[in-house]
Amino acid sequence: MRAFRDAVGGWASGGSGGVVRELAGRVGVRTAVLVEGLSDLAAVEGLAVRRGRDLGAEGVCVVPMGGAMNVGRYAGMLGPPGLGLRLAGLCDEGEQGFFARGLERARARATREGFFVCVADLEDELVRALGAERVEEAVRGEGDFRAWQTFVRQPAQHGRPRQQQLRRFLGTKKGRKFRYGRLLVEALEPGQVPAPLDGLLVSLGRR
């Protein structure tokens with residue numbers, strides 16, 4: 001499934017779709033979950049593992065698009081005009097317009113059963129679900145507490161709510177959002193899973 005995802009990225013960058021079609025048949029891909037970035041990928045796959053699910057075995061591939069503006073291209077490649085896969089996904093509230101227009105161009109409907117909206121972004125959902133104290137514990141456990149303390153002393157952070165500071169901190173270093181995407185999901189209690197993420201996983205179990 002990882003090879004399929006990598007091949008999709010190459011296709012989106014101007015490569016050939018032949019390898020993607022071959023891999024789709026070989027590994028049995030039936031559903032493509034369109035997400036904006038790698039941190040969303042880490043969170044979706046991390047929650048699936050926590051729930052004892054193997055998305056690859058279910059024919060589900062989570063595909064990071066490198067931003068919401070690319071949704072039309074990916075939906076066209078993987079949805080009805082292309083491979084004909086079932087589409088699902090996560091998007092940020094501020095990016096709904098990109099998703100709606102992109103999916104319309106690709107003749108792929110964004111239904112309530114398949115696409116779910118985060119208020120700001122998935123990191124914001126996770127920070128609010130866990131609470132600032134629990135997220136700070138995770139930051140300390142990862143050895144990032146000194147960097148966090150330096151960050152909150154910056155003038156731009158003065159007066160901002162702790163949860164907003166934490167959300168911003170997660171995006172200040174390359175790779176940090178991806179690392180914490182899975183880490184914060186693993187820290188969630190069963191009843192704390194953000195509604196968009198929970199809804200997506202539940203929808204992927206439907207046939």
Shortest non-hydrogen contact between [X] and [Y], atoms and distance:
X: W148; Y: V139; answer: CB-CG1, 3.8 Å
X: E95; Y: A68; answer: CB-CB, 3.6 Å
X: C118; Y: L90; answer: SG-CD2, 4.3 Å
X: M65; Y: N70; answer: O-ND2, 2.8 Å
X: C91; Y: Q96; answer: SG-CG, 4.0 Å
X: S203; Y: R86; answer: O-NH2, 2.8 Å

Once rounded to the nearest 0.5 Å, what's the spacing between atom [atom1] of [X] and atom [atom2] of [Y]?
X: L78; Y: T31; atom1: CG; atom2: OG1; answer: 11.0 Å
X: E189; Y: L130; atom1: CD; atom2: CG; answer: 9.0 Å
X: Q163; Y: L126; atom1: CD; atom2: CG; answer: 11.5 Å
X: E186; Y: L188; atom1: CD; atom2: CG; answer: 10.0 Å

The test is side-chain contact (heavy atoms from CB on, under 4.5 Å); show your working for L201 and R53 and say whether it passes.
CA-CA 10 Å; L201 262 292; R53 294 179 60 178; 3.9 Å; yes
Going through the checks in order, is the side-chain contact (heavy atoms from CB on, under 4.5 Å) test met by L38 and L41?
CA-CA 5 Å; L38 292 174; L41 163 67; 4.0 Å; yes
[X] (side chain) donor-acceptor with [Y] (main chain) under 3.5 angstrom:
X: D92; Y: G94; answer: no
X: R73; Y: A12; answer: yes
X: R21; Y: L83; answer: no
X: E125; Y: V119; answer: yes

Are [Y] and [X] linked, directly or through intermediate hydrophobic residues, by side-chain heavy-atom contacts shorter than 4.5 Å (ILVMFWY only)?
X: F169; Y: V152; result: yes
X: L34; Y: F98; result: no
X: V49; Y: V60; result: no
X: V63; Y: V117; result: no

cation_pi(R2, F4) dist<6.0 Å, angle<=45:
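Output no; distance or angle outside limits.
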Over-ring placement of R168 relative to F151, 6.0 Å and 45° cut-offs:
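No, a cation-pi geometry is absent between R168 and F151.
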Check ion pair [X]-[Y] (N to O, under 4.0 angstrom):
X: R167; Y: D121; result: yes
X: R5; Y: E45; result: yes
X: R128; Y: D124; result: yes
X: R26; Y: E22; result: yes

Can you tell if the side chain of [X] reaches within under 4.5 Å of the side chain of [Y], non-hydrogen atoms only?
X: L87; Y: Y74; answer: no
X: L85; Y: R30; answer: no
X: V135; Y: Y180; answer: no
X: L197; Y: V185; answer: yes

Got a sec, which residues hit side-chain hydrogen bond (donor to acceptor under 3.5 Å, both in side chains) with E142, two or more places apart in sequence or on another chain?
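So E142 forms a side-chain hydrogen bond (donor to acceptor under 3.5 Å, both in side chains) with R179.
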Side chains of R160 and Q157: is there a donor and an acceptor less than 3.5 Å apart?
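There is such a pair (donor and acceptor under 3.5 Å, judged by atom type) between the side chains of R160 and Q157.
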Does one side chain, of Q165 or R162, offer a donor that lies under 3.5 Å from an acceptor on the other?
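Side-chain D/A pair, Q165 to R162: present.
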Between L200 and L47, does a side-chain contact (heavy atoms from CB on, under 4.5 Å) hold up when you go through it step by step?
CA-CA 10 Å; L200 174 64; L47 182 60; over 6 Å; no
Test log, rule side-chain contact (heavy atoms from CB on, under 4.5 Å), inputs W11 and V19
CA-CA 9 Å; W11 190 13; V19 174; over 6 Å; no
Heavy-atom count check: over 12 atoms from other residues, nucleotides or ligands less than 6.0 Å from Q149 CD?
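Buried by this count: over 12 neighbours within 6.0 Å.
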Counting only heavy atoms from other residues, nucleotides and ligands, does the tally under 6.0 Å from CZ of R140 exceed 12?
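It does not: R140 CZ has 12 such atoms or fewer within range.
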With side-chain hydrogen bond (donor to acceptor under 3.5 Å, both in side chains) as the criterion, how do T172 and R176 come out once you've worked through the C-alpha distance, each side chain's angles and the decisive distance to 0.1 Å?
CA-CA 8 Å; T172 56; R176 185 177 281 157; 2.7 Å; yes
